[in-house]
J.: 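Could you have a look at this structure, given as structure tokens, before my questions?
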Amino acid sequence: MIKMKRWRISELLGKEGQALVNKEIEVKGWVRAFRSNRFIQLNDGSCMSSLQAVVDFEQFNETLLKRVNTAAAVSLKGTLVASQGSGQAIELQVNAIEILGDAHPDDVQRTVMQPKRHSLEFLREQAHLRFRTNTFGAVFRIRHAVAYAIHKFFNDRGFYYLHTPIITGSDAEGAGEMFRVTTLDAKKPPLNEKGEVDFSKDFFGKVVNLTVSGQLEAELAALALGQVYTFGPTFRAENSNTSRHLAEFWMIEPEVAFNDLKDNMDLTEDFLKNICGYVLENCAEDLKFLNDRDQQEQSQKPQHERIELSLIDRLKFVTENPFKRLTYTEAIEVLKNSNHYKKKKFQYDVQWGIDLQSEHERYLVEKEFNCPVILTDYPAKIKAFYMRLNEDQKTVAAMDVLFPGIGEIVGGSQREERYDILYKKCEEFGIHPQELWWYMDTRKFGTVPHAGFGLGFERMVMFVTGMTNIRDVIPFPRTPQNAEF
RNA sequence: UCCUCCUUAGCUCAGUUGGUUAGAGCAUCUGACUGUUAAUCAGAGGGUCGUUGGUUCAAGUCCAACAGGGGGAGCCA
């Protein structure tokens, strides 16, 4: 007997499907619903839509049909035909049913597969099963599309994908608390003469941690390969309990030799527009579903909390409008001249030199300009040591891209390429330049201006899916007190 | 880490001033029906009211601690 091809539902409902009408085919998937003892709604994850399979129940044994329950895996063979019903163009006239995996209703009822609406919190508790739902199917297909769009964007422009280390010995990056990596016995670690843990006896012979950023390593490669990007897991041991933070997340960090801050902004804007454009073009069905979902969520919020634009319009807004660019100093002026400030509605005061608070950033993006905003040239004291010092000696060539609803989605800068100034900045920030000898070395051998930025991948996925909790755009979120699955 | 809110059936939630036998919708089960698509109709089952302690004649309801979760803040991507 010849083994039949397993058609994916996306193929059957797409162009290939039209050529298959009145042909014998096989599909495999999971039952979403079995209505009227006649209609199996079959989903195989290849797309949002399910295939309607029509069963002439008098021709099948009753005990077999009893096993066609929600969540069961089945193989269906039959003829693809034009549908009599109004909800779909084609359907499968079934002539053979094979149960591949049973799902007992009493057990299914305890899960997110029970056919009814669920809260995102309940779905999160069953992260292993939430892939089966429409919402998470759409989110994770789009997550894939965003990842692909990023690789495609850089590849099309001659960037090289660089794998920076996940285990790192450099602890001078100052980008937050790190996770220690060790093979020492936690109960009886070796001690030195001072009674401290002796890490020279550890696996690597020194203290090592999980990476908080691949940027410093990416710079090394950029200063030889020209333009590179990283796309890998990143770890922060911060005790952050918010809808925008994870302990384990994915970050994209391009780094380009010979680029200045202006080039960097142009690249960022092109990049963000390109991703949104890719999803608009290639994820129409999933996006439509999430768009409707978002509108429903918005309609349940009080008027003043609603986002006026729909999800799809928010993406188009990014692709069609130039980002507003202004300096930190100009932003402080805008804030100080705002009615909001004059009416003392900001909880935190606005002064040149402060780190902008969430409320300030949100005001600029959502009230003042109502579009993505790039802020540049921040005070040197509130930014990292590696950012290039401007002529005024007070500010650095930094940039933050602010998105509505998300806040800071990209942070970047032109890097300090001048050895002496970088050396001094290290000392000012309490970093020993000799510990970063390899980084400093690049400034001795043909140093050039260069720039780059970091994008939080999950925050980008939040923006394009309209999900408002970062735990709902990564398959298995790691947060304080939670590493289930 | 701080502020704040929540925890009652498989899920989402009501539960009045502390007072008799704890309620609804959805889901599940049984039956009916069969071109449905959030199927429909009838019936049934389903509860240690987050945990521990306290106040009280009496606690789902009041108080405290702890646990889990949501929202916001800080930190940041």
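Order of the sequence lines sets the chain letters (A, B, ...), proteins ahead of strands, with each chain counted from 1.
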J.: Should the heavy atoms of other residues, nucleotides or ligands under 6.0 Å from CZ of A:R124 be counted, would the total exceed 12?
T.: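 Enclosed: over 12 neighbouring heavy atoms sit under 6.0 Å from CZ of A:R124.
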J.: Which of these nucleotides, B:rG35, B:rC75, B:rA73, is closest to any side-chain atom of A:S240?
T.: B:rC75
J.: Would you kindly say whether A:H450 and A:E219 are connected by a side-chain donor-acceptor distance under 3.5 Å?
T.: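 Yes - a donor-acceptor pair under 3.5 Å links their side chains.
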J.: Fit a plane to each ring of A:F476 and A:F485, take the angle between them on a 0 to 90° scale, and name the class: parallel (under 30°), tilted (30 to 60°) or perpendicular (over 60°).
T.: tilted
J.: If you check every side-chain atom of A:N241, which of B:rA27, B:rU37, B:rU1 has the closest atom?
T.: B:rU1
J.: Indicate, with a heavy-atom threshold strictly under 4.0 Å, whether A:S50 touches base, sugar-phosphate, or nothing.
T.: nothing
J.: Please answer whether B:rA77 and A:F457 are stacked, defined here as ring centres separated by less than 5.5 Å and planes angled under 30°.
T.: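 By the stated criterion, A:F457 and B:rA77 do not stack.
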J.: With sugar-phosphate meaning primed atoms plus P, OP1 and OP2, does A:D106 contact a base, only sugar-phosphate, or nothing at under 4.0 Å between heavy atoms?
T.: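 Answer is sugar-phosphate: A:D106 comes under 4.0 Å of backbone atoms only.
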J.: If only atom types and distance count, is the side chain of A:H144 paired as donor or acceptor with the main-chain N or O of A:R141 below 3.5 Å?
T.: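 Side chain of A:H144 to backbone of A:R141, a donor-acceptor pair under 3.5 Å: no, none is there.
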J.: Would you indicate whether A:K336, at its atom NZ, is surrounded by more than 12 heavy atoms from other residues, nucleotides or ligands within a distance under 6.0 Å?
T.: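 Result for NZ/A:K336: enclosed.
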J.: Side chain of A:F39 only, heavy atoms from C-beta on: which candidate in B:rU37, B:rG35, B:rG10 is closest?
T.: B:rG35
J.: Between B:rA73, B:rG68, B:rC75, which nucleotide gets closest to the side-chain atoms of A:H245?
T.: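 Shortest atom-to-atom distance from the side chain points to B:rC75.
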J.: Go through B:rC11, B:rA77, B:rC29 for me and flag the one nearest to the A:P105 side chain.
T.: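 The listed nucleotide nearest to A:P105's side chain is B:rC29.
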J.: Please tell me which of the listed nucleotides, B:rA39, B:rG68, B:rG74, lies nearest to the side chain of A:S36?
T.: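 Closest of the options to the side chain of A:S36: B:rA39.
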J.: Could you please name the option among B:rU1, B:rU34, B:rA77 that lies closest to any side-chain atom of A:R236?
T.: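 Out of B:rU1, B:rU34, B:rA77, the nucleotide with an atom closest to A:R236's side chain is B:rA77.
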J.: Dot-bracket notation for RNA chain B is requested: 5' to 3', Watson-Crick or G-U wobble pairs only, both distances under 3.5 Å, with ( ), [ ], | and . as defined.
T.: (((((((..((((.....[...)))).(((((.......))))).....(((((..]....))))))))))))....
J.: What's the closest nucleotide to the A:S243 side chain, out of B:rG70, B:rU36, B:rG72?
T.: B:rG72
J.: What nucleic acid atoms does A:T242 come within less than 4.0 Å of, heavy atoms only: base, sugar-phosphate, or nothing?
T.: base
J.: Can you figure out which of B:rU36, B:rA73, B:rG10 approaches the side chain of A:R35 most closely?
T.: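 Side chain of A:R35 sits closest to B:rU36.
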J.: Any chance you could lay out the side chain to side chain contact (heavy atoms under 4.5 Å, CB included) test for A:R236 and A:E177, step after step, and finish with the verdict?
T.: CA-CA 6 Å; A:R236 303 271 166 94; A:E177 295 296 311; over 6 Å; no
J.: Return the nearest nucleotide to the side chain of A:Q52; candidates are B:rU28, B:rA77, B:rG35.
T.: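 Nearest nucleotide to the side chain: B:rG35.
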